[in-house]
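Every heavy atom of this structure was used, including side-chain atoms; hydrogens, water molecules and symmetry mates were not. Below, chains carry the letters A, B, ... as their sequence lines are ordered, and counting in each starts from 1.
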2 protein chains.
Amino acid sequence: MKRKDFGCGPGCPVEVTLDLIDGKWKGVILFHLQDGTCRFGELKRKMPRITQRMLTKQLRALEEDGLVIRKVYPEVPPRVEYTLSEMGERLRPVIDVLKAWGEDHRARQVADAA
Amino acid sequence: MKRKDFGCGPGCPVEVTLDLIDGKWKGVILFHLQDGTCRFGELKRKMPRITQRMLTKQLRALEEDGLVIRKVYPEVPPRVEYTLSEMGERLRPVIDVLKAWGEDHRARQVADAA
DNA sequence: CCCAATAGTATCCATTCGTGTACTATATCC
DNA sequence: GGATATAGTACACGAATGGATACTATTGGG
């Protein structure tokens with residue numbers, strides 16, 4: 001929740017949504033959580049290039065914004081699970097269309113380079 | 001075009017798309033350009049809270065990324081028009097779903113506050 | 001002359017973002 | 001003891017972002 005006021009003009013809702021999912025790795029994290037609950041280490045393995053630091057940071061931010069639920073089990077070694085909240089679940093069509101567009105875009109770039 | 005490499009895992013296309021539209025005001029700008037070609041001043045009036053500086057900056061970035069076409073007319077006073085490129089046009093479903101989600105989200109927040 | 005219209009540019013600055021590096025805590029096993 | 005598993009935290013730093021402020025350039029009108 002970074003950017004505050006847009007004067008709530010007609011395009012405002014676009015930025016409201018972007019404001020929640022904007023941030024490196026957030027989109028990918030949400031994408032992976034769509035497949036179901038994940039533990040920290042699972043997520044990390046799904047995204048080989050992400051640092052522990054960034055994964056923690058973005059997960060906490062997503063939790064803070066209400067998109068993700070973080071469940072801590074009183075276990076050792078630590079066991080923490082991350083799940084899409086109801087609000088996060090409602091982002092499914094958003095993530096899907098972003099993914100589709102990105103794939104299409106990439107395919108076109110490859111075709112243009114040839 | 002800020003964030004570079006995601007190792008191109010399965011969620012990568014989501015971030016590719018976000019990378020192009022991320023940035024304060026970009027979403028709103030793209031939304032307004034969906035209605036058709038706009039001049040600088042027109043856009044500025046549609047978004048009362050944006051500074052000239054930010055409008056210029058984001059328009060230039062969108063142009064740089066190929067989402068927007070900037071057409072300069074050899075006139076005085078200056079006349080510059082901004083139009084969605086073909087690539088930008090293909091973002092329509094993305095902007096639409098972001099808007100829909102943001103509106104839904106806002107409505108829920110209002111309901112929750114009551 | 002000044003003001004208006006248009007679409008900027010130049011410079012600067014505070015804040016945020018993404019990341020690197022090192023360290024933490026617990027229990028268990030060799 | 002050291003190593004492993006898990007999921008972090010603490011501190012620091014450079015780059016990027018968003019914005020403020022002032023100025024620019026042209027033509028035309030009062």
Base-contact (B) and sugar-phosphate-only (S) positions in nucleotides 19-28 of chain C, heavy-atom cut-off under 4.0 Å, - elsewhere
BBB----BS-
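- Contact annotation: Q58(B) reaches the phosphate of dG18(D) (side-chain N/O to OP1 or OP2, under 4.0 Å).
- Taking atom CZ of residue R70(B) and atom P of nucleotide dT6(C), one finds them 16 Å apart after rounding to whole Å.
- Residues passing the side-chain contact (heavy atoms from CB on, under 4.5 Å) test with E64(A): none are found, sequence neighbours excluded.
- The side chain of F40(A) lies closest to dA7(D) when the candidates are dG18(D), dA7(D), dT6(C).
- When rounded to the nearest whole Å, the span between OH of Y73(B) and C1' of dT26(D) equals 19 Å.
- Not counting sequence neighbours, E42(B) has no partner by the salt bridge (charged side-chain N to carboxylate O under 4.0 Å, His left out) test.
- When all heavy atoms are compared, the tightest approach of R39(A) to P78(A) is NH2-O, 3.4 Å.
- By the salt bridge (charged side-chain N to carboxylate O under 4.0 Å, His left out) test, R92(B) is found to be paired with E89(B), residues two or more places apart in sequence or in another chain being considered.
- Phosphate contact (OP1/OP2 of dA5(C), side-chain N/O of R39(B), threshold under 4.0 Å): absent.
- Under the salt bridge (charged side-chain N to carboxylate O under 4.0 Å, His left out) criterion, D96(A) pairs with no residue, sequence neighbours left out.
- Nucleotide dG28(D) holds its C1' atom 14 Å from the CD atom of E75(B), rounded to whole Å.
- Legend: residues meeting side-chain contact (heavy atoms from CB on, under 4.5 Å) with R53(A), ordered by chain and number and at least two apart, are T51(A).
- Following rounding to the nearest Å, Y82(B) (OH) and dA7(C) (C1') show an atom-to-atom distance of 7 Å.
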